[in-house]
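Data block below; observations after.
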Amino acid sequence: MHETALFQLSTSTTILLLAGFYLATFLMSLIIGKRHENVDGYMVSNNAIGFGLSAASMIATWIWAASFYASASAGYKFGISGPIHYGLWGALMILFIYPFGMRFRKLAPKAHTLAEIMYARHGKSSQMILAISNIIGSCISLMVNFTAAGALVSVLSPLSFIQGVLIAGVGVLSYTIWSGFRASVLTDFAQLIAMIIAAVVIIPLIFFNLGGPDMLAANMPNLSLAQSDFFSTEAFLQQGAPYLVAVLAYAIGNQTIAQRLFAVREDLIRPTFITATVGYGAIVIGLGMLGLLALFIGLKPLDGNMNNIIPQMASTYLPPFAIGLFFVLVIGSLSSTADADLCALSAIVMTDIYGKSLARGTPNPKRMLFWGRFTMVAATMLGVVFASLRLDILMMLVFVGALWGAIVFPVIMSFYWDRITNKAFTLAVGSAVAMFVVARFELLPMTGAIAVVFELFATVGVGVVAGLMAFGFFGKKVGAICGLLAAAAMLPYSIGFLRDYAVLLSALTSYGVSAIVCVTVSLRSNQRFDFDLLDERVVSFQRSTAALART
């Protein structure tokens, strides 16, 4: 076991770094603030953000606390292939969404949330399913990011965990509440530049301070056979495959991603998402290697908490100036995602709860902005409170992503197949969530016939995941063929095998059940939907309100 005394920043230095960072971002938000705010600008910047800001914002938002801490946890748990599984699949899922995103924008170019389009496509129950799932997901994301801030501050300074959580919460709220999404995007650009600079300095410093290549050669025996195998089956089944399934759901169901999709200029969607794919993968895989280095030297996580691995590595093996850089890197990463969560939550409440429900389609822009800002305050308070639970970041990420798997097939197919109904959407999601919970928490014994049933559903889920990915890039026919081939190839290995991997089984079951129920119920209906109606029903709030005022 490798033991070295931890270095901590002084209280005054910590406060100066935090205050300086959040003051700078607050001043940036003041530059773009408007006396009379436009609600569409507050939520999606009037659908007109350029390439540079959009790509930077996508990378900064996708690189959150989990990207650092969970990638390092993957390296520490699963060895050489751990960070690859985390960073590669996350990057590919950014790439995956753009062909579907182009379809979303084509049908509803003035959308603010995916739930808003579901309201126009199906009705209230489908809209609220998507809205509520995003509210839960974004609240959990806030909690995770504030937890990361608390862990960072408590390890690298004399300040306590709770003090770190409070400072991060107040800091993020202070600059986001002023100009909403536009503030989030602008500060994302600056935060990404700071993260890249810090990462370029920090990762090589830690590596060479540990002993460089000689250290790797000397400590290779510390790794198990599975940890030293680049193609580890254990790492793929326990980390890679569940995470692949989880982030596929994140790409489709997460409002923070959808919001940036709706904000970027329509002709810039493809280059934006391709650039974000490369940028995310490079940064996250590199930072995840810090967990692998911790495994090599036999580091024991402080207090047994995996979230402390990266702060420990920085505190132990970096000089003081680099620890300051690292501090800014992590604060920037978690802040860029926390402000995105606040913007996502405010957009959902403004659009789907107030605009479509309480105001019944005729919202007052001033009142709409009030609800958006009130949501940010309430969400920050909840995030701070729940951060005190100190839950494992990697487990929370996989759980939420797998739960969102229930909506992926119904959402995507609702933009392509005119026979899907509100009933099919609602029953598909409800059934999939119920089966996911049963499998994930083993409410029924995963043995015998029960296990076989779930494994068959999961096999269908494999086909759904493969088919959707192929469908996005190559079209319906290729997608159907790939889905069938993937399910057929998986079937001989599923029965008697997947029951031992609860996380993977439950996630794939969610995909499989939702697809089966959605298709079955839809085929029983003779309804047909005219997709041209989406553009008529989903409009800019400021424009629609002005039109009503003139009539």
Side-chain angles (χ1 to χ4, degrees), residues 17-18 20-25 27-28 49-72 74-75 83-84 86-88 90-95 145 148-149 152 156 168 171-172 175 183-209 256-257 260 264 268 271-293 309-311 313-314 317-340:
L17 285 172
L18 288 169
F21 177 85
Y22 286 119
L23 178 61
T25 50
L27 291 176
M28 290 179 67
I49 295 183
F51 167 72
L53 284 177
S54 297
S57 182
M58 182 66 73
I59 296 171
T61 298
W62 203 248
I63 297 175
W64 58 320
S67 301
F68 288 178
Y69 290 23
S71 183
I84 305 296
Y86 191 97
L88 178 62
L92 288 178
M93 289 309 103
I94 301 176
L95 185 66
N145 282 288
L152 177 75
L156 295 184
V172 171
Y175 70 85
S184 175
V185 170
L186 183 62
T187 55
D188 280 348
F189 185 84
Q191 289 162 352
L192 178 64
I193 297 301
M195 283 190 280
I196 291 173
I197 294 173
V200 168
V201 173
I202 287 166
I203 297 173
L205 269 177
I206 291 179
F207 178 67
F208 287 107
N209 284 341
T256 62
I257 304 302
R260 279 148 184 80
V264 65
L268 297 175
T272 294
F273 279 77
I274 291 175
T275 302
T277 297
V278 176
Y280 172 88
I283 294 173
V284 171
I285 291 174
L287 288 165
M289 291 299 173
L290 296 180
L292 178 61
L293 293 176
I309 290 175
I310 283 187
M313 293 291 286
Y317 299 106
L318 286 177
F321 86 91
I323 291 177
L325 279 178
F326 170 78
F327 197 85
V328 171
L329 183 151
V330 179
I331 291 296
S333 71
L334 65 89
S335 297
S336 65
T337 305
D339 64 40

Gap separating the [atom1] atom of [X] from the [atom2] atom of [Y], nearest 0.5 angstrom:
X    : Y    : atom1 : atom2 : answer
I310 : L156 : CD1   : CG    : 11.0 Å
D188 : M28  : CG    : CE    : 9.5 Å
L192 : I283 : CG    : CD1   : 5.5 Å
N145 : S333 : CG    : OG    : 7.0 Å
F321 : L205 : CZ    : CG    : 5.5 Å
Y317 : I206 : OH    : CD1   : 9.5 Å

Check the angle between the aromatic planes of Y22 and Y175 and answer parallel, tilted or perpendicular using the 30° and 60° thresholds.
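The arrangement is parallel - the two ring planes meet at less than 30°.
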
Pair T61-R260, side-chain donor/acceptor within less than 3.5 Å:
yes

Could you go through F273 and L95, starting from their C-alpha distance and side-chain angles, then the distance that decides it, and tell me whether this counts as side-chain contact (heavy atoms from CB on, under 4.5 Å)?
CA-CA 6 Å; F273 279 77; L95 185 66; 5.6 Å; no

Identify the two heavy atoms, one from [X] and one from [Y], that lie closest to each other, and give their separation to 0.1 Å.
X    : Y    : value
I323 : A314 : CG1-O, 3.5 Å
S57  : V185 : OG-CG2, 3.8 Å
G87  : V284 : CA-CG1, 4.0 Å
I59  : A276 : CG1-CA, 3.5 Å
L17  : G324 : CD1-CA, 4.1 Å

Run the side-chain contact (heavy atoms from CB on, under 4.5 Å) check on I202 and L318 step by step: do they pass?
CA-CA 8 Å; I202 287 166; L318 286 177; 3.9 Å; yes

Taking L18 as the fixed residue, which of I331, V328, L23 is the one that meets the side chain to side chain contact (heavy atoms under 4.5 Å, CB included) rule?
I331

Test I203 against M289 for side-chain contact (heavy atoms from CB on, under 4.5 Å), laying out the working first.
CA-CA 8 Å; I203 297 173; M289 291 299 173; 5.6 Å; no

Please determine whether the number of non-hydrogen atoms from other residues, nucleotides or ligands lying under 6.0 Å from atom CZ of F21 exceeds 12.
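Check passes, neighbour count above 12.
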
Is it true that a side-chain atom of [X] and a backbone atom of [Y] form a donor plus acceptor pair closer than 3.5 Å?
X    : Y    : answer
T187 : S184 : yes
W62  : G90  : yes
S336 : A60  : yes

Could you tell me if the side chain of [Y] sits less than 4.5 Å from the side chain of [X], heavy atoms only?
X    : Y    : result
S71  : L287 : no
N209 : P319 : yes
V264 : M58  : no

Between L152 and F326, does the side-chain contact (heavy atoms from CB on, under 4.5 Å) criterion hold? Intermediate values first, please.
CA-CA 10 Å; L152 177 75; F326 170 78; 3.4 Å; yes

